[in-house]
Amino acid sequence: MRYLLLIIVFLGSNVFYAQNLTAKELLNKSIAFHNPDSQWEHFNGTFNVLTKRPESSDRLSSIKMDLLNEHFSLSVKKDSTSYSYIFDKENCTTSLNGSNEISEADRKAHRLTCERGKMMQNYYTYLYGLPMKIKDPGTILDGTVRTKTFKGKEYLVLKVNYEEEVGKDVWYFYFDPKTYAMEVYQFYHDESKNDGEYILLEGLEEINGIKMPKTRAWYYNKDDKYLATDILIPAEVK
């Protein structure tokens, strides 16, 4: 009985300590977990993402990011079609099935524009750069650390808004109170309508020193409808 009480006291004190962190302290602890050697600022690596959706064939995306040299490439394979976007600083090129000669009809059908490519660059850099990306300019970190039980587990939660030129959604990031690993994130376009989505993160893959989520499962906030799962696959070392 005595040992049980000691365990309860220990766990309780651990949660109490975590709850008394400031928002910046919690964010820094999570960054220390996911980016222990401060590698993100000069990340240069390649990884693959396998996307599975209900009633749809799989999509395999290969992403290369070289942050210091401002290079990004995304190559996608789905069924018998492959296409890519490549950014070298502000220079953009696209290809379809290995060719840079793309008809307007094909470009429209596959959304092969540099504007779309830039959006995908921001998407992958943001999601796989979390929680470090929460420190980006234009991000407004709410000073309150919330506690919330989500899917049966208690989390420490940070709320983030953005300056208007950066984004209009509101995001919530859920952290394990012991390890400070990021395990859930959630966004709303209009929180009063309970729209938007939540994303459950499971497992970790270390890519060039960064602990990234192995799987991301996407659901609607309003009805918990399952949307898709992204599975992170390290690139083969050649």
Side-chain angles (χ1 to χ4, degrees), residues 14-36 38-41 43 47 49 65 67 122-207 209-222 224 226-232:
N14 191 41
V15 173
F16 177 80
Y17 167 73
Q19 289 175 336
N20 281 273
L21 292 171
T22 67
K24 288 184 179 179
E25 287 171 340
L26 175 56
L27 176 57
N28 286 337
K29 284 183 177 294
S30 184
I31 289 174
F33 176 86
H34 288 280
N35 183 29
S38 301
Q39 294 295 309
W40 174 250
E41 291 75 12
F43 182 86
F47 55 92
V49 177
M65 294 190 293
L67 298 184
N122 293 336
Y123 170 84
Y124 282 110
T125 305
Y126 181 80
L127 289 184
Y128 287 98
L130 288 170
M132 292 72 73
K133 295 291 286 181
I134 297 175
K135 286 196 169 184
D136 277 6
T139 306
I140 304 169
L141 176 63
D142 191 293
T144 301
V145 176
R146 296 161 170 80
T147 58
K148 182 176 180 179
T149 299
F150 193 78
K151 303 298 180 183
K153 179 173 178 176
E154 185 176 37
Y155 291 100
L156 301 177
V157 183
L158 293 179
K159 179 182 179 181
V160 167
N161 293 94
Y162 298 90
E163 294 178 2
E164 188 173 351
E165 63 271 18
V166 176
K168 298 180 180 179
D169 294 342
V170 57
W171 284 69
Y172 290 90
F173 299 92
Y174 296 67
F175 304 95
D176 183 282
K178 298 175 186 176
T179 66
Y180 307 107
M182 184 180 60
E183 295 187 353
V184 183
Y185 38 78
Q186 185 175 32
F187 67 88
Y188 299 90
H189 308 303
D190 185 341
E191 194 168 356
S192 67
K193 296 179 180 178
N194 195 34
D195 60 8
E197 299 165 18
Y198 65 88
I199 300 91
L200 304 181
L201 313 176
E202 289 190 9
L204 293 168
E205 287 283 359
E206 187 169 321
I207 309 292
I210 308 300
K211 295 177 184 176
M212 297 181 178
K214 174 68 176 179
T215 64
R216 298 182 302 163
W218 299 73
Y219 301 82
Y220 281 132
N221 286 322
K222 61 183 178 181
D224 294 312
Y226 169 70
L227 297 173
T229 296
D230 294 326
I231 303 169
L232 178 62

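In this chain, residues are counted from 1 in sequence order. All values below were derived from every heavy atom in this structure, side-chain atoms included, with hydrogens, water molecules and symmetry-related copies excluded.
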- Item | Residue list, ring-ring contact (aromatic ring centres under 6.0 Å, His included) with F187, at least two apart or on another chain | W171, H189
- Can you tell me if NZ on K153 sees more than 12 non-hydrogen neighbours from other groups inside 6.0 Å? yes
- Query: Within 45° of the six-membered ring axis of F33 and under 6.0 Å from that ring's centre, is NZ or CZ of K211 located there?
  - Reply: yes
- Only counting residues at least two apart or in another chain, list the ones meeting ring-ring contact (aromatic ring centres under 6.0 Å, His included) with Y219. Y198, Y226
- Message: Going by salt bridge (charged side-chain N to carboxylate O under 4.0 Å, His left out), name the residues that satisfy it together with E191, two or more places apart in sequence or in a different chain.
- Response: none
- Do the side-chain N and O atoms of K135 and N28 include a donor-acceptor pair separated by under 3.5 angstrom? yes
- Of all residues at least two apart in sequence or in a different chain, which pass the salt bridge (charged side-chain N to carboxylate O under 4.0 Å, His left out) check with D169? none
- Note on the structure: What one should report as the nearest heavy-atom pair of T22 and V145 is C-CG2, 3.6 Å
- Is there a side-chain contact between Q186 and F150, using heavy atoms and a 4.5 Å cut-off? yes
- Item | Shortest non-hydrogen contact from A217 toward T229 | CB-OG1, 3.9 Å
- Looking only at heavy atoms, what is the nearest atom pair of L158 and T144, with distance? CD2-O, 4.5 Å
- Over 12 non-hydrogen atoms of neighbours within 6.0 angstrom of CD in E41: yes
Review item, side-chain donor-acceptor pairs of residues 122-134, under 3.5 Å, at least two apart:
unit_1, atom_1, unit_2, atom_2, d
N122, ND2, K118, O, 3.4
T125, OG1, Q121, O, 2.7
Y126, OH, Y162, OH, 2.4
Y128, OH, R216, NE, 3.3
Y128, OH, R216, NH2, 3.2
K133, NZ, D136, OD2, 2.6

- Just jot down the salt bridge (charged side-chain N to carboxylate O under 4.0 Å, His left out) partners of K151, sequence neighbours excluded, or say none. D224
